Number of protein chains: 2
Amino acid sequence: MVNKIKDTTTEEKILEAARKVFIERGLDGARMQEIADKAGINKALLHYYFRSKEKLFEVIFKETAGNLFPKFEMILNSDKPLFHKIDEIVSNYIDLIIKNPYLPLFVLSEMNKSRNLQLANFFEMQRNKFVEKFVKNIEREIKRGVIKKISPAHLIINIFSLCAFPFIAKPVIGILLEIDDLQFKYMMEQRKKIVTDFIIASIKK
Amino acid sequence: MVNKIKDTTTEEKILEAARKVFIERGLDGARMQEIADKAGINKALLHYYFRSKEKLFEVIFKETAGNLFPKFEMILNSDKPLFHKIDEIVSNYIDLIIKNPYLPLFVLSEMNKSRNLQLANFFEMQRNKFVEKFVKNIEREIKRGVIKKISPAHLIINIFSLCAFPFIAKPVIGILLEIDDLQFKYMMEQRKKIVTDFIIASIKK
DNA sequence: ATTTAATTTAACCAATCAGTTAACAAAATT
DNA sequence: AATTTTGTTAACTGATTGGTTAAATTAAAT
């Protein structure tokens with residue numbers, strides 16, 4: 001009875017609803033009944049399709065966490081200058097988070113309390129050659145004298161801190177800077193250029 | 001029957017236990033029984049002293065969130081150069097988080113799902129003149145030609161992103177950079193200087 | 001058409017959890 | 001010393017919640 005005619009299959013409806021509820025409330029705060037209601041189905045169907053709350057969460061978490069590590073290797077492999085690559089990574093990453101603002105906090109928050117080692121280990125498999133390649137790119141440009149001597153690990157941390165943190169701190173930023181949601185979104189659009197400039201100004205010789 | 005002889009009063013034992021449990025598990029994940037066990041007292045005492053789980057959480061949250069906004073106004077009011085002030089703020093803030101690594105994620109995570117507007121509003125009262133003063137400091141130095149033209153709001157966001165984010169992303173950083181807890185702590189110590197240098201290099205003319 | 005398999009639901013169940021109660025113990029007050 | 005107030009506990013309660021079950025419905029296979 002695989003429904004290929006209906007536009008959304010039951011399983012898809014469940015996943016869509018679960019995504020919303022888990023991201024909004026976290027694993028502990030989420031209620032199976034709310035997921036069922038949002039999906040417009042009977043609660044028993046959640047268990048029919050996904051066995052348990054934990055299993056369903058695992059599916060959503062892996063999917064979501066996977067999105068947090070996009071394929072930037074293509075960018076790093078190109079023969080463009082490092083500054084151009086940083087620009088592309090920063091712009092693409094901020095764009096990605098603008099489209100999914102709750103993604104970083106959800107993933108990092110759940111990773112922190114993850115009793116389930118399974119989930120933590122997921123990243124090790126997920127770990128592509130991205131970091132390794134980024135480190136080599138940076139080291140090469142230091143040797144070539146294009147950028148200052150700086151720890152590649154710290155530089156990478158800096159780049160992603162500048163991209164992701166504002167979204168995690170959004171409620172606090174809103175209050176302290178007295179800005180509304182629209183102004184916040186506008187600021188984040190600006191940051192695509194501002195963060196890139198900030199980084200390059202700091203490391204260029 | 002105010003116990004001023006025992007080294008720790010019952011209320012303090014409860015707060016200490018609640019702090020640990022709430023920070024580790026969040027509001028939804030925390031269990032009153034676990035708090036009682038950690039405090040070595042009967043569960044009913046929690047309600048005797050703090051009425052409800054939400055009230056107890058509120059006390060812990062306000063206390064914790066308060067720590068996230070230290071009194072940097074003294075630093076900003078001094079007549080030292082801006083670079084020196086940035087150095088002090090960055091060093092002190094990273095030091096603060098090294099001592100309480102779970103503080104930022106706990107506060108930001110709970111603020112995000114805070115159904116309770118009471119808690120969100122807490123920051124508005126808490127909001128001291130810090131941001132305002134920091135903005136003026138930056139604008140002045142731009143006019144004086146000491147630093148480049150840059151949006152003060154974005155610069156402030158950058159500074160705190162660089163300080164706080166690594167602690168929030170600790171589990172991911174650990175896996176991607178293949179470092180253990182000790183190496184992580186060492187890196188964070190390094191960042192007191194690295195982040196300061198990174199910022200100053202970026203904004204100085 | 002009939003049988004079989006997959007999907008869906010309402011009702012139910014057992015466990016967990018925040019919160020209460022009533023009795024008891026320890027201090028403080030008189 | 002007697003009484004009142006404060007602090008503490010074990011046992012209980014009602015509500016919520018993840019999960020199950022058995023019956024019903026729908027689709028697929030024969």
Side-chain angles (χ1 to χ4, degrees), chain A residues 1-62 106 110 113-116 118-119, chain B residues 1-62 106 110 113-116 118-119:
Chain A
M1 190 186 161
V2 181
N3 192 334
K4 297 196 173 181
I5 295 164
K6 259 190 284 179
D7 41 342
T8 50
T9 178
T10 300
E11 200 173 325
E12 279 166 358
K13 281 193 290 185
I14 293 175
L15 287 172
E16 197 181 331
R19 212 174 290 128
K20 280 185 195 163
V21 174
F22 278 131
I23 287 178
E24 188 181 333
R25 310 209 186 273
L27 171 57
D28 291 324
R31 295 291 165 257
M32 293 298 263
Q33 190 59 60
E34 188 183 355
I35 295 174
D37 292 346
K38 269 213 169 58
I41 50 134
N42 187 282
K43 182 165 72 85
L45 271 187
L46 300 180
H47 295 95
Y48 179 79
Y49 279 96
F50 295 95
R51 279 248 318 275
S52 70
K53 187 186 184 185
E54 271 67 31
K55 292 279 178 198
L56 177 54
F57 176 80
E58 207 176 300
V59 172
I60 298 296
F61 180 84
K62 285 185 180 172
F106 170 67
E110 295 298 334
K113 46 189 154 202
S114 168
R115 301 123 243 192
N116 189 350
Q118 195 69 39
L119 289 191
Chain B
M1 190 189 164
V2 181
N3 192 337
K4 297 195 172 181
I5 295 164
K6 261 189 285 180
D7 42 343
T8 50
T9 177
T10 300
E11 200 172 324
E12 280 167 356
K13 280 193 289 184
I14 292 175
L15 287 173
E16 197 181 331
R19 211 174 290 129
K20 279 184 195 163
V21 175
F22 278 131
I23 287 177
E24 187 181 333
R25 308 209 187 274
L27 171 57
D28 291 324
R31 295 290 166 257
M32 293 298 264
Q33 189 60 61
E34 189 183 354
I35 295 173
D37 291 347
K38 269 214 167 59
I41 51 133
N42 187 281
K43 182 165 72 82
L45 271 188
L46 301 180
H47 295 96
Y48 179 79
Y49 279 95
F50 295 96
R51 280 250 317 276
S52 69
K53 187 186 183 185
E54 271 66 31
K55 292 277 179 201
L56 177 54
F57 176 79
E58 208 176 298
V59 173
I60 298 296
F61 180 83
K62 285 184 179 173
F106 170 67
E110 295 298 335
K113 45 189 157 205
S114 167
R115 302 125 244 188
N116 190 349
Q118 196 67 39
L119 289 191

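Note on naming: letters A, B, ... go to the chains in the order of the sequence lines (proteins, then strands), and numbering restarts at 1 for each one. Quick caveat: nothing in here was measured; it's all calculated off a predicted structure.
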(request) Rounded to the nearest angstrom, tell me the gap between atom CG in A:D28 and atom P in C:dA18. (result) 11 Å
(message) Could you tell me how far apart A:E11 (CD) and C:dA6 (P) are, to the nearest whole angstrom?
(response) 15 Å
(message) Between the side chains of A:K38 and A:E16, is the shortest nitrogen-to-carboxylate-oxygen separation below 4.0 Å, so that they form an ion pair?
(response) no
(request) Scan A:F50 against the nucleic acid and name what it touches under 4.0 Å (heavy atoms): base, sugar-phosphate only, or nothing. (result) nothing
(message) What is the distance, to the nearest angstrom, from the CG atom on A:L56 to the C1' atom on D:dG18?
(response) 12 Å
(request) Mark yes or no for whether B:K113, through its side chain, and A:G29, through its backbone, hold a donor-acceptor pair below 3.5 Å. (result) no
(request) Would you please test A:I35 and A:F22 for side-chain contact (heavy atoms from CB on, under 4.5 Å) and show each step? (result) CA-CA 9 Å; A:I35 295 174; A:F22 278 131; 4.0 Å; yes
(request) Output the single nucleotide from D:dT8, C:dT9, C:dT7 whose closest atom is nearest the side chain of A:I41. (result) C:dT9
(message) Between B:T10 and D:dT8, is there a contact of a side-chain N or O with OP1 or OP2 at under 4.0 Å?
(response) yes
(message) In this structure, how many angstroms lie between the C1' atom of D:dG19 and the NE2 atom of A:H47, rounded?
(response) 5 Å
Please enumerate all protein N or O atoms sitting under 3.5 Å from an N or O of nucleotides 14-17 of chain D, with distances to 0.1 Å.
{"from": "D:dT17", "atom 1": "OP1", "to": "A:R31", "atom 2": "NE", "distance (Å)": "2.6"}
{"from": "D:dT17", "atom 1": "O5'", "to": "A:R31", "atom 2": "NE", "distance (Å)": "3.4"}

(message) Expressed as a whole number of angstroms, how long is the span from A:K55:NZ to D:dG18:P?
(response) 17 Å
(message) Looking at every heavy atom in both A:I60 and A:L15, which two are closest together, and how far apart are they?
(response) CD1-O, 3.6 Å
(message) Any heavy-atom pair between the side chains of B:V21 and B:R31 that's under 4.5 Å?
(response) no
(message) Output the rounded distance in Å from CD1 (A:I14) to P (C:dT8).
(response) 8 Å
(message) Is B:S52 close enough to C:dA18 that one of its side-chain N or O atoms is under 4.0 Å from OP1 or OP2 there?
(response) no
(request) Using a cut-off of strictly less than 4.0 Å, decide whether A:Y48 has a side-chain nitrogen or oxygen near OP1 or OP2 of D:dT20. (result) no
(message) Please check this pair: side chain of A:S52 against backbone of A:K55, looking for a donor-acceptor N/O pair closer than 3.5 Å.
(response) yes
(message) Side chain of A:L45, heavy atoms from C-beta onward: which of C:dT9, C:dG19, D:dG19 has the nearest atom to it?
(response) C:dT9
(request) Whole angstrom is fine here: how far is it from CG in A:L46 over to C1' in C:dT8? (result) 12 Å
(request) Side-chain contact test, heavy atoms from C-beta onward, threshold under 4.5 Å: evaluate it for B:N42 versus B:Y48 and give yes or no. (result) no
Between the protein and nucleotides 10-14 of chain C, which nitrogen or oxygen pairs come in under 3.5 angstrom?
{"from": "C:dA10", "atom 1": "OP2", "to": "A:N42", "atom 2": "ND2", "distance (Å)": "3.3"}
{"from": "C:dA10", "atom 1": "N7", "to": "A:N42", "atom 2": "ND2", "distance (Å)": "3.2"}

(request) Can you see which heavy atom on B:K53 is nearest to which on B:D28, and at what distance? (result) NZ-O, 4.0 Å
(request) Grab the CZ-P distance between A:R51 and D:dT21 for me, whole Å please. (result) 14 Å
(message) I'd like to know if B:E58 pairs up with B:K62 as an ion pair, taking the criterion as any Lys NZ or Arg NE/NH1/NH2 lying under 4.0 Å from an Asp or Glu carboxylate oxygen.
(response) yes
